[in-house]
Protein chains: 2
Amino acid sequence: MNKKLNKRQIILDEAAKLFKLKGFGGTSMRDLAGEVGMEAASMYNHIKSKDEILEHLCFHVSNTYIAQLAEVEQMPGSNGDKLKELLRRHINLMLEDGAAVSVANNDWKYLTDSKLLQFKEARKQYEKGFAALIENGIAAGEFRPVNASVALFTILSAVRWVELWYRPGRGVTAQELEEDIMAILLNGLAKN
Amino acid sequence: MNKKLNKRQIILDEAAKLFKLKGFGGTSMRDLAGEVGMEAASMYNHIKSKDEILEHLCFHVSNTYIAQLAEVEQMPGSNGDKLKELLRRHINLMLEDGAAVSVANNDWKYLTDSKLLQFKEARKQYEKGFAALIENGIAAGEFRPVNASVALFTILSAVRWVELWYRPGRGVTAQELEEDIMAILLNGLAKN
DNA sequence: CTCTCAAACTAACAAATGTTTGTTGTTGCT
DNA sequence: AGCAACAACAAACATTTGTTAGTTTGAGAG
């Protein structure tokens, strides 16, 4: 009974890796089946369609992000503290589930119709919550009075390279990574 | 005689827009032909293949970046000045040629064989030069002693949202944009 | 042993893909 | 007018695509 869920999970995991590597359009069901170790047709015993795979991966990520936002919003502390914690969790998901995050970042545009709308909406919700932290921080005098949207996208984009670049054991630990990124974004690169 | 170059340019420009919007794999030659205003087969009077289009777009961008690096390297001034100038030009190309930059950022992985290698090499060269500026700046005491690679990718990624987000007349001018981004990256978001 | 049922396979499908072929205007030069 | 080069077209191509149908396999339950 959980054998089925297991095989399904293997397919989803392998799909995330392949989509990250070769893109959604560049990955055929036969490619994926080869990686999983069965024929393409056999996978349809476990998944509904190629689109369903993409949807699962994208919404797994967006749901996690939104849940993290909700948690952080209800924490005590300054806006700076909250922003830092949200960013920390944001980076963490990339480190733990890099392939899925990569797919959600790059291949979401291949979602169809209502699912595409739904995903865009979810992303917008996350960005709105993120921006609110920045705006509140500016209003409270914690942050520089920059354009909040510019700051938001600068920060969110800044951390995107993590999923492209980071591999465990590359001389930089996850902690160092988080610290350096947050140091640059919050305190800047210039010494003064 | 320049009619041919003209049509070819139209195809390349339209391809950049479509690839940005729907991805390389998600754009068929018939889609593109429809946008250009001819049949798919007719385009082969102006271009060699779909791959050639992708190659042109990708290398146009990478060549420009590398040329800008070479120019800035030979300028006088501190490492901070050079970094600032290179970043300014980097952002500028995104503002002026956003679609092509988008393709080079997202669809380069569909390049084939030697072209793929070549592109990766070009990117590495650009990153190396960029990183050298940061390292020299740290050595000279101009910058915080962070990991140069982390700083490099944080900065390069941070500006990537520009091509995804920026549209002229969205309330933020190109100047404000550049200033705010550079302020955050160089001086940080936190007030102190 | 036999029945069952999920999960794998082979084979085939229709649709879409990038590209080639052969042909037909159309333009400009002599 | 006549030739040459170009640029558009329709039709077809071989392949690849995602997916379905029908069949076989194999393990567990009675």
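Quick note on labels: first sequence line is chain A, next is B, and so on, each numbered from 1. This structure is a prediction, so every number in the text was calculated from the model and none was measured.
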**Item:** Residue pair B:T27 / B:L18: nearest heavy atoms and the distance that separates them
**Value:** OG1-O, 3.5 Å
**Prompt:** The side chain of B:R30 lies closest to which of these nucleotides: C:dT20, D:dT19, C:dG18?
**Reply:** C:dG18
**Message:** Using a 4.0 Å heavy-atom cut-off, does B:S28 contact any base of the nucleic acid, only the sugar-phosphate backbone, or nothing at all?
**Reply:** sugar-phosphate
**Message:** Check for me whether A:K115 meets the cation-pi criterion with A:F59, that is, NZ or CZ under 6.0 Å from the six-membered ring centre and within 45 degrees of the ring axis.
**Reply:** yes
**Request:** Determine: side-chain N/O of A:H46 to OP1/OP2 of C:dA8, distance under 4.0 Å, yes or no.
**Result:** yes
**Asked** Which of the following nucleotides, C:dT19, D:dT17, C:dC9, is nearest to the side chain of A:S42?
**Response** C:dC9
**Message:** In this structure, how many angstroms lie between the C1' atom of C:dT19 and the CD atom of B:E39, rounded?
**Reply:** 14 Å
**Request:** Tell me whether the OP1 or OP2 atom of C:dT19 has a side-chain N or O from B:K48 closer than 4.0 Å.
**Result:** no
**Prompt:** Which nucleotide, D:dA10, C:dT19, D:dG18, lies nearest any side-chain atom of B:Y44?
**Reply:** C:dT19
**Message:** Test your reading of the model: is there a side-chain donor-acceptor pair from B:N136 to the backbone of B:A132, 3.5 Å cut-off?
**Reply:** yes
**Asked** Can you check the B:M29 CE to D:dA12 P distance for me, whole Å?
**Response** 21 Å
**Message:** What is the distance, to the nearest angstrom, from the CZ atom on B:R8 to the C1' atom on D:dA8?
**Reply:** 18 Å
**Request:** May I ask you to evaluate whether B:K7 reaches the phosphate of D:dA8, defined as a side-chain N or O under 4.0 Å from OP1 or OP2?
**Result:** yes
**Item:** Rounded distance in Å - CD1 (B:I47) to P (D:dA7)
**Value:** 13 Å
**Prompt:** Could a donor-acceptor pair under 3.5 angstrom be found where the side chain of B:N45 meets the base of D:dA8?
**Reply:** yes
**Message:** Please report the distance, rounded to the nearest Å, between CG in A:N6 and P in C:dA6.
**Reply:** 17 Å
**Message:** Please report the distance, rounded to the nearest Å, between CE in B:M43 and C1' in D:dC9.
**Reply:** 13 Å
**Asked** With respect to the side chain of B:M38, which nucleotide from C:dT10, C:dT19, D:dA8 is positioned closest?
**Response** D:dA8
**Asked** Is the NZ or CZ atom of A:K50 positioned over A:F24's six-membered ring, under 6.0 angstrom from the centre and within 45° of the axis?
**Response** yes
**Fill in**
From CG of B:L32 across to C1' of C:dT19 the rounded distance in Å is 14 Å
**Asked** What is the ring orientation for A:H60 with A:H56, classed by angle as parallel under 30°, tilted 30 to 60°, or perpendicular over 60°?
**Response** parallel
